[in-house]
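Got a structure for you, written out below as structure tokens; questions coming shortly.
The chains referred to below are lettered A, B, ... by the order of the sequence lines, with proteins before strands, and numbering in each begins at 1.
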There are 2 protein chains.
Amino acid sequence: MSADISLILVDDHPVVRNGLRGMFESVPGFTVLGEAADGVAAVQLADELDPDVILMDLRMPGGNGLDAITELTKRGSRSRVLVLTTWDTDTDTLPAIEAGATGYLLKDAPRDELFTAVREAAAGRTVLSPAVASRLVTAVREPAPSPLAAREREVLALVAKGTSNRDIARELFISEATVKTHLSHVFTKLGVNDRAAAVAKGYEQGILGRD
Amino acid sequence: MSADISLILVDDHPVVRNGLRGMFESVPGFTVLGEAADGVAAVQLADELDPDVILMDLRMPGGNGLDAITELTKRGSRSRVLVLTTWDTDTDTLPAIEAGATGYLLKDAPRDELFTAVREAAAGRTVLSPAVASRLVTAVREPAPSPLAAREREVLALVAKGTSNRDIARELFISEATVKTHLSHVFTKLGVNDRAAAVAKGYEQGILGRD
DNA sequence: CCCGGCATCAGCCAATCGGCTGATGCCGGG
DNA sequence: CCCGGCATCAGCCGATTGGCTGATGCCGGG
């Protein structure tokens with residue numbers, strides 16, 4: 001009855017793009033308009049091709065997926081963004097949805113689920129894979145553990161490197177007292193009592209890990 | 001001149017398997033004999049189909065890739081294993097090579113590099129993507145930081161949870177002195193001086209993170 | 001059979017940490 | 001205009017940590 005659902009694929013891995021393309025071309029009802037390897041290219045492509053659905057990976061070198069979604073939302077693009085990620089780290093989900101993603105799927109979803117998701121997304125309905133959905137509800141249950149302030153993140157990063165309070169103070173050109181204050185706040189916000197656990201939480205929540 | 005290179009694809013993501021299959025079927029010289037979604041299935045499939053090359057992801061739920069490689073090597077399989085991973089975390093590389101993998105590629109390698117790699121692998125030559133190769137050399141430069149002993153890992157895990165030495169002692173039914181000894185060894189092996197940095201290293205090297 | 005790695009334990013001591021109380025200045029939203 | 005969050009600083013004190021030296025028992029490989 002209706003025309004094909006048009007889509008563009010955004011992922012930094014050629015293999016994945018190829019795989020998606022193959023899957024969508026193997027069944028009727030979809031047309032792959034194009035591919036992009038990063039967020040910047042994705043926004044541009046979306047501008048040009050105006051697809052119904054954009055399948056996008058979040059983690060990409062150069063041209064963050066999140067920024068791309070934000071940008072598209074800001075531009076009032078009519079394209080629905082379906083985030084397709086490898087592993088979900090509940091750190092990414094919420095921001096992505098807030099930024100305007102219509103759905104969030106894990107890459108290991110079965111083919112049919114993927115097709116369904118794209119159709120749902122094209123129709124404007126929110127689609128979340130079960131795993132993601134459950135994470136979301138638990139995330140909402142907890143009032144959001146609050147993210148760290150810029151300075152607090154800096155301190156935590158140094159702590160993770162084994163830097164003592166005194167040396168952190170030196171490195172950041174502030175007093176040791178201030179370092180301790182920052183750290184206390186970090187502890188409170190992360191719900192821990194010592195630097196070791198804070199570092200663990202930092203990794204767990206994606207605050208640390210990419211330097 | 002020679003027959004096609006036969007291969008099987010092992011990855012838990014249908015999308016990735018599909019993508020690889022598509023790529024290898026789009027050019028002459030390759031025949032995809034089959035696919036598997038985990039290490040156990042991979043070993044079985046390799047037994048049945050005796051492929052020239054096995055393209056394998058390491059991180060898979062149920063049936064670890066590393067174990068699969070070990071098993072294949074033990075069985076004296078003639079198949080060359082090419083590890084194809086998403087992100088390389090130098091934690092995986094060495095064990096994989098030691099276990100008998102012929103090569104180690106990142107999934108974001110360009111198509112041609114992939115094809116070349118498979119041909120090289122089929123010919124029995126070791127292939128490493130440049131990024132991996134450089135990691136390897138630096139890893140060899142450092143005499144291998146040595147992995148942690150079982151008990152040491154337990155202690156580190158508790159440290160990451162913010163447990164004090166005294167409480168760790170209680171939880172493991174050992175004395176506090178022993179805990180400190182273990183921790184000292186952990187510090188030495190990880191090349192750090194305090195628990196916070198140890199936790200960071202733990203995450204960085206994949207010792208911590210999956211509980 | 002010896003050595004090295006693992007796991008266990010003791011005691012000492014200085015350094016570091018974490019909690020607590022209390023303060024100041026800036027900025028942005030209500 | 002006030003309040004809350006951020007960033008800065010101080011001092012005190014008990015608790016915890018980490019380094020050091022030294023020891024014992026078990027096990028497995030050379």
Side-chain angles (χ1 to χ4, degrees), chain A residues 94-95 98 142-203 205 207-208, chain B residues 70 74 94-95 98-99 142-205 207-208:
Chain A
L94 278 148
E98 279 166 16
E142 305 257 14
S146 76
L148 301 185
R151 209 51 162 169
E152 289 161 358
R153 257 177 279 125
E154 282 186 84
V155 172
L156 181 58
L158 288 170
V159 165
K161 291 174 62 183
T163 320
S164 72
N165 290 346
R166 184 172 310 159
D167 290 342
I168 293 174
R170 277 201 256 272
E171 273 204 54
L172 299 183
F173 304 107
I174 57 182
S175 92
E176 200 178 330
T178 306
V179 174
K180 290 178 73 176
T181 306
H182 285 318
L183 260 184
S184 285
H185 292 157
V186 170
F187 293 164
T188 305
K189 291 184 181 178
L190 296 182
V192 299
N193 313 299
D194 67 74
R195 41 181 60 216
V199 168
K201 281 277 181 184
Y203 274 93
Q205 305 194 3
I207 301 167
L208 294 173
Chain B
T70 310
K74 200 166 66 187
L94 277 148
E98 279 167 15
E142 304 257 15
S146 76
L148 301 186
R151 208 52 163 168
E152 289 161 357
R153 257 176 280 123
E154 283 186 83
V155 171
L156 181 57
L158 287 170
V159 165
K161 291 174 61 182
T163 319
S164 72
N165 289 346
R166 184 172 310 159
D167 290 343
I168 292 174
R170 277 200 255 272
E171 272 203 55
L172 299 182
F173 304 108
I174 57 182
S175 92
E176 200 179 329
T178 306
V179 174
K180 289 179 72 175
T181 307
H182 285 319
L183 261 184
S184 286
H185 292 157
V186 170
F187 293 165
T188 306
K189 291 182 181 179
L190 297 183
V192 300
N193 312 301
D194 68 73
R195 41 181 63 218
V199 168
K201 280 278 181 182
Y203 274 93
E204 221 70 81
Q205 305 194 3
I207 301 167
L208 294 173

Query raised in the report: What is the base-pairing partner of dG28(C), counting Watson-Crick and G-U wobble geometry with both distances under 3.5 Å?
Result: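 Per the H-bond distance test, dC3(D).
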Query raised in the report: Whole Å only: how far is the CG atom of D167(B) from the P atom of dT17(D)?
Result: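 In whole Å, dT17(D) P lies 9 Å from D167(B) CG.
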Query raised in the report: How long is the line joining CG of L148(A) and P of dA7(D), in whole Å?
Result: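 Roughly 10 Å, once rounded to whole Å.
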Query raised in the report: Is there a donor on the side chain of S184(A) or the base of dC20(C) sitting less than 3.5 Å from an acceptor on the other?
Result: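 When only heavy-atom distances are counted, S184(A) does not reach the base of dC20(C) through any donor-acceptor pair under 3.5 Å.
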Query raised in the report: Salt bridge between R151(A) and E154(A), side-chain N to carboxylate O under 4.0 Å?
Result: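 Salt bridge between R151(A) and E154(A), a charged N being under 4.0 Å from a carboxylate O: yes.
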**Report entry** Interatomic distance, E152(B) CD vs dG5(C) P [rounded to whole Å]
**Finding:**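 Rounded to whole Å, this separation is 12 Å.
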Query raised in the report: Which distance, rounded to the nearest 0.5 Å, do you find between the NZ of K201(B) and the CG of L156(B)?
Result: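 Nearest 0.5 Å value for the NZ-CG distance: 12.5 Å.
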**Report entry** Closest to side chain of S175(B), choosing from dA10(C), dG18(D), dA7(C)
**Finding:**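 Selected nucleotide (nearest to the side chain): dA10(C).
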Query raised in the report: Below 4.0 angstrom from OP1 or OP2 of dC6(C), is there any side-chain N or O of H185(B)?
Result: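 False: H185(B) side-chain N/O out of range (4.0 Å or more) of dC6(C) OP1/OP2.
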Query raised in the report: Quick one: does D167(B)'s side chain get under 4.5 Å of R170(B)'s, heavy atoms only?
Result: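 Yes, side chains in contact.
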Query raised in the report: Starting at the 5' end of DNA chain C, which residue's closest nucleotide do you reach first, D194(A) or L172(B)?
Result: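 The 5'-side residue here is L172(B).
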Query raised in the report: Paired with dA23(D) by Watson-Crick or G-U wobble geometry, both distances under 3.5 Å: which nucleotide is it?
Result: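 Pairing partner, where one exists within any strand: dT8(C).
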Query raised in the report: Given dA7(D), dC9(D), dC9(C), which nucleotide is nearest the side-chain atoms of A149(A)?
Result: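 Of dA7(D), dC9(D), dC9(C), dA7(D) is nearest to the side chain of A149(A).
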Report task. Calculate the interatomic distance between E176(B) atom CD and dA10(C) atom C1'; express it in whole Å. Result ->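 It works out to 12 Å between those atoms.
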Requested in this report: Respond yes when some side-chain nitrogen or oxygen of S164(B) is under 4.0 Å from OP1 or OP2 of dA15(D), and no when none is.
Outcome: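 Answer no for this pair, as no side-chain N or O of S164(B) is under 4.0 Å from OP1 or OP2.
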Query raised in the report: Among dA7(D), dT8(C), dG18(D), which is the nearest nucleotide to the side chain of H182(A)?
Result: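 Of all the options, the side chain of H182(A) is nearest to dA7(D).
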Requested in this report: Could you tell me which non-hydrogen atom of Q205(B) sits nearest to which non-hydrogen atom of L190(B), and how far apart they are?
Outcome: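 Heavy atoms of Q205(B) and L190(B) come nearest at OE1-CD2, 4.2 Å.
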Query - Separation of atom CG in L183(A) from atom C1' in dG19(C), rounded to whole Å - result: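 Spelled out: CG on L183(A) to C1' on dG19(C) is 13 Å.
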Query raised in the report: What's the CG-P distance between N193(A) and dC20(C), to the nearest Å?
Result: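 Distance, rounded to whole Å: 10 Å.
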**Report entry** Closest to the R166(A) side chain, choosing from dT16(C), dG18(C), dT8(D)
**Finding:**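 Comparing dT16(C), dG18(C), dT8(D) against the side chain of R166(A), the answer is dT16(C).
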Query raised in the report: Within the pair T178(A) and dC9(D), is there a side-chain N or O less than 4.0 Å away from OP1 or OP2?
Result: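 Answer yes for this pair, as a side-chain N or O of T178(A) is under 4.0 Å from OP1 or OP2.
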Query raised in the report: To the nearest Å, how far apart are F173(A) CZ and dA7(D) C1'?
Result: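 It is 16 Å, rounded to the nearest whole Å.
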Query raised in the report: How close or far is atom C1' of dC9(C) from atom CD1 of I168(B), stated in whole angstroms?
Result: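 Going from CD1 in I168(B) over to C1' in dC9(C) covers 16 Å.
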Query - Pairwise 5' ranking along DNA chain D for T181(B) and F187(B), keeping only the more 5' one - result: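 The residue mapped nearer the 5' terminus is F187(B).
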Query raised in the report: Quick one: is dT16(C) close enough that its OP1 or OP2 comes under 4.0 Å of any side-chain N or O from N165(A)?
Result: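 So the side-chain polar atoms of N165(A) never come under 4.0 Å of the phosphate oxygens OP1 or OP2 of dT16(C).
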**Report entry** Strand partner of dA15(C), provided both Watson-Crick or wobble distances fall under 3.5 Å
**Finding:**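 Base-paired to dT16(D).
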Requested in this report: State, with a plain yes or no, whether a side-chain heavy atom of V179(A) is found less than 4.5 Å away from one of L172(A).
Outcome: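 No, every pair of side-chain atoms sits at 4.5 Å or beyond.
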Query raised in the report: Can you name the nearest heavy-atom pair linking A160(A) to V199(A), along with the distance?
Result: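 Closest heavy-atom pair between A160(A) and V199(A): CA-CG2, 3.7 Å.
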**Report entry** Options dC6(D), dT16(C), dG18(C), nucleotide nearest the side-chain atoms of K180(A)
**Finding:**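 Given the options dC6(D), dT16(C), dG18(C), the side chain of K180(A) is closest to dG18(C).
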Query - Options dC9(D), dC9(C), dG19(C), nucleotide nearest the side-chain atoms of I174(B) - result: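 For the I174(B) side chain, the nearest candidate turns out to be dC9(C).
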